[in-house]
Structures are given as C-alpha cells and as structure tokens.
Chemist: 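Here it is, the structure in full.
To find a chain, count down the sequence lines: A is the first, B the second, and so on, and within it residues start at 1.
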Amino acid sequence: MLALVAAHLVLAGLLPIVSARSRRAAFAVAAVLPAATLLWALANAGPALAGGVDETTAWSPALGLELSFRLDALGLAMIVLVSGIGAVILAYCTGYFGAGSPYATRSAALLLAFAGSMLGLVLADDLLTLYVFWELTSIASFLLVGQGGERREERRAAVQALLVTVFGGLAMLLGFVLLGETAGTYRISEILADPPRGGAVTAALLLILLGAFTKSAQLPFHPWLPAAMVAPTPVSAYLHAASMVKAGVYLVARLSPAFSDLAVWTVPVLVAGVATMLVGGWRALSATDLKRLLAFGTVSQLGFLMVLFGAGGRVAAMAGIAMLLAHGMFKATLFLTVGAVDHATGTRDVRELSGVGRALPGLAIAAALAAASMAGLPPLIGFVGKEAAFEAFLHGSVENWAVAGGLLLGSVLTVAYSARFLWGAFASKPGRDAGDVHRPGAALTVPIWLCAAAGPVLGIATPIVDTEAASYAGALPGDPGYHLALWHGFGLPLLFSAIALAGGLALHAARARVTPLAGHSPLDAQRAYEKTVAGIGRVAVGVTGRLQVGSLPAYLATILVAFVLLPGVATVLAGAWPTSLPLYHEVIQIPLAIMVVVAALAVTRARRRFTAVLLVGVIGYGVGGLFIVEGAPDLALAQFLVETLSLVAFVFVLRRLPPHFTESRPSRRVRVPKALLGAAAGFAVAVFALVLSAARTGPAATSGEFARLAPEAGATNVISAILVDFRALDTVGEIGVLFVAAAGVASLVLATRYDRRRGGGRVESGQSTPRHEEDVLG
Amino acid sequence: MSPDNDDYKPFEEWDRPRQAWMLSGDCRGHRQRTLLLEMTTRALFPTVLVFSVYLLLVGHYGPGGGFAAGLVAGLAFVLRYIAGGSEAAVRVRPPVLIGLGLTVALLTALAPTVVGAPVLTTTKLALDVPLLGHFETQTSVFLDVGVYLLIVGVVLDLLRSLGAGIERDMRDAGEPR
C-alpha cells in the first residue's frame with residue numbers, strides 16, 4: 001500500500017516530463033495509476049471485507065514511528081471514489097484542458113499527487129499518518145484552486161479553503177495527540193478495538209470533529225466550498241464533490257464505531273449535519289451558476305452523510321455507505337456535465353442556458369440519471385441509501401424522529417435543487433433561444449456516461465453494496481437483520497420518499513417565488529469569515545507595530561536581557577562551580593586568549609563598521625585556534641570556514657552601509673547602558689561555559705559508547721561519525737533550516753522587487769531593472 | 001603579430017581563458033582588475049574544488065565532511081566572484097543546487113525503508129577497484145553529498161543576493177563602487 005501511495009507521488013513528480021511532449025498524454029498516463037489502484041483494491045476486496053488487510057513499515061523504531069496502512073470495508077468504499085472517480089476524471093481532463101492551456105501541466109501533476117494523498121488518507125491506520133495525508137490534500141487543493149494565482153477570486157478562494165481546512169487540521173492534530181496519548185497507541189485499529197474514555201477524550205473528540213467539520217464544509221465552515229468553485233470543473237468535480245470534502249465524513253465514519261455512544265460525539269455531528277443539509281439545500285435553490293448550485297448541493301449532502309455516519313447505528317451506517325457511493329457517482333456526473341455544457345455553450349449560468357437538452361440529448365439523459373439518483377428515485381442507488389436513512393431514524397426516541405424530520409425536509413430541498421439543476425441546464429426557457437451549441441467530444445462524454453451508469457448499476461447490484469456496507473456497519477449496534485434493498489415493501493420510509501419527491505417538485509414549480517427568498521439569508525457565514533480574517537489581520541498589525549519597533553539596538557538589547565535574565569540567573573542559582581580550575585592546558589592558549597580578549601575590547605571602541613567586522617573575525621579565528629589546541633580539528637575547520645564566509649558576507653553588505661556607525665560620537669547616556677549590558681552578557685556567557693564544563697559528574701557514558709560503536713559505523717573519526725551517522729536526523733533537519741534561511745535571504749534581497757508573472761510580460765513593481773527578476777528565475 | 005594573422009586577438013582578449021570552468025575573463029572595468037588575484041584564482045579555483053571533494057570523501061574518517069567540504073567549495077566560488085565579478089558566477093541556479101542537495105539527503109535518509117530498515121540506516125560499502133586498490137566507504141557518504149550540494153548552493157545564493165544583487169543595486173543607483 002505504501003508503494004501504491006508513493007507511486008502516485010513519484011509519478012506526479014515525473015509527469016511534467018510527459019506534459020512537455022503532450023498535455024493530453026500526461027492526463028492519460030496519470031489516469032492509469034488510479035485505475036490500477038482501483039483494480040488492486042477490488043482484487044483485495046475479499047480479505048478486506050472479511051477483516052482488513054494490514055501493512056506496516058517501520059519508520060523510526062527508536063521514536064516509535066511507523067507507517068501503518070489498512071484496507072477494510074470503509075477504505076474500500078472510499079477507494080472506489082478516490083481512485084475510481086479519480087481515473088475517470090483524469091480521463092475527462094484529456095478532453096477538458098486545451099492543448100495550449102498554461103495550467104494543464106501543473107494540474108495533471110497536482111491531481112495525481114492529490115489522488116495519492118487521498119489514497120494515503122483513506123488507507124492510513126495511524127493517526128499521525130492520517131494527519132500528514134490530510135494536510136497534503138489541503139495543500140494540493142490550495143494549489144489547484146489557486147491555479148496561477150492571477151485572478152483575485154482564485155487567490156481568495158484558495159486562501160480561504162486553505163485557512164479554514166488547515167485551521168481545522170491543526171485542531172484535529174491536537175485532538176489526535178490527546179487521543180493517542182490517552183489510548184497509549186496511535187494505531188486507529190487498536191483505538192477502535194479498545195476505545196479510551198475520560199475527560200481528555202471529550203476534548204480530543206471535539207477537536208477532531210472541528211477538523212472533520214472544516215474539511216467537510218459543515219456549518220458554519222461551509223462557505224469555502226462554494227467559493228472554491230472558481231477552480232476548473234474537473235478539479236471541482238474531483239476535490240470538491242467526490243473525494244477531498246469526503247475526508248471529514250470519512251474521519252467521522254472511521255471513528256464512529258468507537259465513540260458514537262458518547263453524546264459529545266453524536267450531538268454535534270447530528271446538529272451540524274442536519275443544519276448543514278438544510279442550509280446547503282436551501283441556498284442551492286437560489287444559485288444561478290450551475291457549479292455553485294452543485295456546490296451547495298454538495299454541502300447539503302455532506303451534512304446528510306455526517307448525520308448517517310455520526311449517528312452510530314448499524315442501519316444508519318449502511319445507509320451512509322450507500323449514500324457515500326451514490327453521492328460520489330452522481331455528483332461527479334453532474335459536475336462533469338456542467339463542464340461539458342460549459343464547453344459546449346460557453347456559459348453555465350442558469351439564466352442564459354436554454355435548449356441545451358434538445359441539442360445534446362445524450363448528455364441530458366446522463367445528467368437526468370444522476371439527478372434522479374440524487375433525488376432518490378428508484379431503482380437507483382440514491383433511492384436505496386435514502387430508504388435506509390429514513391428507516392434508521394424512524395424509530396424510538398423523539399430525537400430520532402426529529403432527525404428523521406430534518407432529513408425529510410432536506411430531501412425535499414434535494415429533490416427541488418435536482419429539478420432546478422436539470423431545468424437550469426437543459427430546459428428550453430421561453431424567450432431564449434438555444435444559441436450556438438458545440439458538440440463535446442468523446443473524451444468529455446464517455447466519462448460522464450461511466451459515472452452516470454453507476455447509479456442504476458449499483459442500484460440493481462444492491463446486494464454487493466449491502467455486503468460492503470454490512471462489513472463496515474457490523475461493529476455498530478442495531479438491527480442485524482436489515483439489508484439494503486430496492487424494495488422494502490410499503491412503509492414509512494417509502495412514504496417519506498414520496499413526500500420528498502412531491503414536495504420537492506412542488507417547490508421547484510414555485511421557483512419564481514422561492515428563488516428570491518432563498519437568495520436572502522440573515523446570517524452570512526462568508527461575511528463572518530471575512531470579518532474574522534480582517535480582525536486577525538488588525539490584531540497582527542497592532543502587535544507587530546509594538547514589538548517590531550525597527551531598531552536593531554532595541555532588538556539586540558531584548559535578546560541580551562532575556563539571555564542574561566533566564567539562563568544566566570538559572571546558571572548562577574542552580575549551577576555547580578568546577579572544583580579544579582587549571583589556568584590553562586597548553587601555554588599557547590594564553591596568547592590566543594589574550595588575542596580574543598583584546599579584539600573583543602577593541603570592537604567596542606571601533607567606530608568604523610569595517611574595523612568592527614574585521615575584529616569580530618579576529619575573535620572567531622582566535623576561538624578556532626583554541627579549538628585546535630583543545631584537539632578538535634573538526635570544530636576548528638568548521639569555525640574557520642564559517643568565519644571566513646561570514647566575513648565575506650559582511651563585507652558584501654557593508655558596501656551599502658555608511659562607513660561609520662554613527663555620525664557623531666554617541667553620548668555617555670547611550671554608551672554606558674550599552675557597555676553595561678554587553679559586559680553583563682559576556683560575563684554570563686563566560687560563567688555559562690564554566691558551569692557547563694563542571695556539569696558532568698560521572699564518567700561520560702555516551703562518549704564511551706560512541707567510541708566503541710564508531711568502528712562499527714566504519715569511522716575512525718568519532719566526531720564525524722556522530723555527525724553523519726548517529727545524529728543523521730539532526731543533520732537532515734539542519735540542512736532543511738539552511739535551505740529555509742537561504743530562501744529567506746534571497747527573497748528579502750531579490751525577490752520582493754519583481755512580481756513573478758507567467759505567460760504575460762513581466763510586471764515591474766520595484767524600482768530597479770528586470771535583471772533582478774532574472775536572478776531569481778535564473 | 002599582425003592583424004592579418006588568424007591568431008590575432010584584440011589586446012583586451014589576449015588572456016581570455018578557453019576553459020569555461022575557469023574564470024570567464026569577462027571582467028568588470030579594466031581599472032578594477034587585479035591581475036595578480038585573477039591569476040592566483042585561476043590556479044587556485046580548481047585546486048580548491050578538488051580539495052573540497054577530498055574533504056567530502058575523507059569526512060567519515062578524518063576532519064571534513066559535507067558541511068566543511070561545501071564551505072570550502074563555496075569559498076572557492078567566493079574567491080572567483082571577488083576576482084572576476086558577478087559575470088564570473090556559475091551558470092547553475094543556486095536554488096536548483098539547494099533543492100538537489102536536500103533531495104539527495106532525503107532520499108538517502110528514506111532509501112533504507114525500501115529494504116525494510118529504519119530511516120537513515122547506514123551500511124558499509126566496499127569494493128576493489130583495479131589499479132586503485134581496495135575502496136571502502138559508508139552509505140552515509142551520500143547524505144554528505146547532499147549536505148555538500150546544499151551548502152554550495154547556499155553560498156552561491158549568498159553571492160547572488162548579497163554580492164551581485166547589491167552590486168547591481170549600487171550600479172543602478174549610480175553610486176560609485
């Protein structure tokens with residue numbers, strides 16, 4: 001499984017090579033891998049449904065880190081969506097993106113990388129692994145929604161999606177850590193087998209739900225999803241309908257068997273889910289852009305799925321699996337249909353489209369199939385799911401009946417916006433002619449039909465879905481005799497379905513009055529988001545203005561005071577003085593020390609910057625010399641090299657600075673505090689060094705061990721062996737820091753002056769020549 | 001030498017080096033050339049680079065390693081920049097080197113997981129090369145190579161931004177050098 005996930009990411013990295021020859025070929029190549037993943041998952045369906053397939057790769061045993069993957073019923077259902085629909089959508093992309101599209105290259109690579117991340121997410125059997133893939137999907141979504149970052153609404157939508165989902169993701173990480181520490185394990189399967197309880201778990205679950213709600217666009221975090229519709233249609237279809245937004249639902253579904261007996265888990269899920277279903281459905285009724293209509297529909301359906309998976313009943317969970325599959329299929333179909341309509345007519349505005357159904361009857365039929373599944377008509381899979389959903393809640397307590405009522409109301413809205421979609425996209429509207437309809441090619445229509453056909457096929461093949469759903473829902477309490485089926489006889493669920501259909505169609509018939517009503521809402525979550533972000537920005541400006549006063553001496557003074565006060569005081573209070581203090585080890589240390597001290601004193605007297613830099617260099621070389629005397633050639637080598645390089649860097653920078661530190665000699669009032677602070681800091685460092693050298697009381701155990709292990713590591717130089725062998729992880733981390741530092745320096749000095757613009761000409765926003773830009777771009 | 005001769009070169013170009021990996025010879029204003037430094041650099045630059053590779057390879061058994069070797073190579077480029085000016089910079093883009101170094105290091109770190117070992121496991125590599133004799137090193141040398149590339153990239157980045165960038169700023173602002 002790790003190999004499959006890694007293959008996605010590696011191939012995504014290699015795709016630009018294919019794109020350079022043909023963009024279509026890149027999408028075609030990218031489609032192969034998800035298709036293979038689907039086949040692999042289906043081939044393993046037997047053992048996966050029976051108990052699950054495990055795979056663990058040790059990562060760092062010393063830290064207890066490992067990559068665990070597990071394929072079970074829920075994972076299988078998600079892979080059908082992630083890989084199955086992923087392959088279909090990548091195939092669709094071959095026809096959607098033009099040969100000259102500037103963003104096709106990155107879209108192909110990002111879509112495949114996203115598919116890999118999503119695959120890792122649904123297969124992960126470890127909370128931290130899941131978190132890593134969770135955030136990878138957020139980043140891929142940010143890059144895909146943002147596209148080139150040229151249009152303002154793309155940037156805003158991408159940033160909003162990133163802020164909201166990452167905010168939730170970080171909360172979720174905290175929740176994961178709380179949960180993992182309480183349970184004593186981060187393995188999801190072990191947590192599910194023996195769920196922990198207690199106050200910490202309550203907090204953990206609330207935090208995890210926050211992550212799930214933001215990712216799955218639940219109330220009140222939903223506005224990012226409709227805003228993200230600025231992305232190209234295949235991206236919306238894949239990320240925002242079929243897979244990524246399901247991650248939150250998936251997480252709830254994954255953890256529900258363990259925690260659905262806790263009110264802290266079910267109550268927020270049910271309340272937010274029902275409210276989201278209603279608000280999303282209601283807002284969809286006023287949307288004029290077909291994609292926004294579908295986006296609000298997705299929000300509504302995600303609420304529905306949350307309710308089903310969060311309720312914690314066997315029947316509800318089975319309905320959830322059926323609806324999960326159904327929703328992925330019909331929503332992908334509908335989104336891809338919008339893309340085809342967009343291609344064919346050049347618009348996706350409900351008010352402008354007219355007569356498309358007559359011009360493209362095949363497309364209309366496919367969309368009608370999908371919309372019927374969404375509305376819950378027999379014999380489609382959507383009907384099966386909705387029947388089971390009603391069945392699950394039409395029993396027992398008042399709360400259950402209330403939820404059932406909410407679902408019924410939501411279903412009425414679902415039927416209404418399904419009808420609105422079909423009417424808006426395909427109907428002939430009076431007073432409008434069809435206009436120029438250009439017939440979409442096979443690359444656009446075949447994938448649509450593949451997804452659309454899944455509705456009736458899965459509906460007829462309900463027993464297969466039932467096996468799958470029963471395998472997932474087996475762990476939950478509830479009627480063990482219930483099976484998903486197309487016909488359960490006459491009863492309340494069927495009555496509810498009928499009411500939903502009739503009510504929805506009536507609502508659509510009255511659209512002239514409903515649409516303006518749905519367009520107004522007293523509470524606007526989008527405005528709340530914007531106010532929050534603006535408020536945080538204002539706070540940041542205020543805080544920064546007070547802390548970053550722009551004076552280098554002030555910063556240095558802050559650092560030094562903190563240094564003297566915190567570790568300095570601790571050293572004096574708690575440190576042990578060395579018992580024997582030899583004056584020197586070697587005679588040569590005395591002149592070296594004198595040189596360092598003289599240079600340090602001279603720096604304080606220097607008025608020219610250049611002199612000061614040279615004297616600092618002398619101090620550095622002197623310390624390097626002391627290293628040599630003490631028998632540390634490695635340290636000395638590094639010290640000499642770094643000293644030389646920083647000297648050069650200083651000289652480079654000094655060219656732009658005035659030669660003297662100050663114009664006139666600073667007054668005594670300024671100099672004395674500075675001198676005192678500097679002396680105190682220097683004294684603190686010296687005391688520090690003395691106390692630390694006496695800190696070791698016993699024999700150096702680790703040094704002995706390193707010396708013993710060094711030949712085993714093939715090293716005769718213990719320092720080097722420690723650096724690259726024993727402390728290799730540190731080394732990797734440190735060079736990462738260097739990378740960030742270099743990027744920071746380069747951007748500060750060079751990159752801020754010229755905005756990077758691809759495609760069009762270079763935009764000058766600075767005051768110098770475009771050659772700075774060339775420096776940055778190479 | 002007469003102008004008819006095929007070997008004729010204008011005076012400014014008579015000492016243009018033929019090897020691109022040495023100084024390009026396209027120097028800044030003639031007044032600012034220091035011939036002595038240039039000649040020394042020409043001799044020193046490749047030598048220092050070879051020395052840096054030596055430090056890189058010997059790092060596991062003696063003082064050296066990727067960090068020190070990278071700094072030595074970086075200083076060679078600094079010397080070249082000081083002698084030859086910004087035009088003498090190398091053609092490779094520093095971010096590419098940095099990224100390459102980080103990638104090599106990370107791949108080295110991750111490679112052991114392919115055979116089921118924990119990350120960053122190292123093993124001894126030994127082979128007998130004809131003429132050169134027995135050769136032995138650790139797989140961690142690849143990590144060192146990554147560090148080396150990254151450090152060289154960082155130093156070049158420093159040259160590009162603080163050296164050439166500031167120099168161009170001053171020229172654009174019409175300031176004397």
Chemist: Side chain, backbone, both or neither: which part of A:Val648 has an atom under 4.5 Å from a heavy atom of chain B?
Modeler: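 Contact with chain B: side chain only.
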Chemist: Name the region of A:Ala743, side chain, backbone, both or neither, that has any atom closer than 4.5 Å to a heavy atom of chain B.
Modeler: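 The backbone, not the side chain.
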Chemist: Is it the backbone or the side chain of A:Val651 that comes under 4.5 Å from a heavy atom of chain B, or both, or neither?
Modeler: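 Neither; nothing under 4.5 Å.
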Chemist: Which region of B:Leu162, side chain (C-beta onward) or backbone (N, CA, C, O), has a non-hydrogen atom less than 4.5 Å from a non-hydrogen atom of chain A, or is it both or neither?
Modeler: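 Interface part for B:Leu162: both.
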Chemist: Angle class for the A:Phe69/A:Phe133 ring planes (parallel below 30°, perpendicular above 60°, tilted otherwise)?
Modeler: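 Tilted.
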Chemist: Decide if the gap between the ring center of A:Phe650 and the ring center of A:Phe610 is smaller than 6.0 angstrom.
Modeler: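 No; A:Phe610 has its ring centre 6.0 Å or more from that of A:Phe650.
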Chemist: Heavy-atom distance under 4.5 Å to chain A: side chain of B:Val141, backbone, both or neither?
Modeler: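 Contact with chain A involves no heavy atom of B:Val141 at all.
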Chemist: Between A:Glu630 and A:Leu635, does the side chain to side chain contact (heavy atoms under 4.5 Å, CB included) criterion hold? Intermediate values first, please.
Modeler: CA-CA 10 Å; A:Glu630 290 281 359; A:Leu635 276 181; over 6 Å; no
Chemist: Tell me which of these, B:Val72, B:Leu75, B:Leu55, has more heavy-atom pairs under 4.5 Å with chain A than the rest.
Modeler: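 Max contact count across the listed options: B:Leu75.
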Chemist: So which part of A:Leu637 gets closer than 4.5 Å to some heavy atom of chain B, the side chain, the backbone, both or neither?
Modeler: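 A:Leu637 touches chain B through side-chain heavy atoms alone.
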Chemist: Run the side chain to side chain contact (heavy atoms under 4.5 Å, CB included) check on B:Leu49 and B:Phe77 step by step: do they pass?
Modeler: CA-CA 9 Å; B:Leu49 281 191; B:Phe77 285 104; 4.2 Å; yes
Chemist: B:Val152 and side chain to side chain contact (heavy atoms under 4.5 Å, CB included): which single residue from B:Leu149, B:Val155, B:Leu156 fits?
Modeler: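 In the set B:Leu149, B:Val155, B:Leu156, the residue that makes a side chain to side chain contact (heavy atoms under 4.5 Å, CB included) with B:Val152 is B:Leu156.
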Chemist: Can the ring centroids of B:Tyr81 and A:Phe652 be said to lie less than 6.0 angstrom from one another?
Modeler: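 Yes; A:Phe652 has its ring centre under 6.0 Å from that of B:Tyr81.
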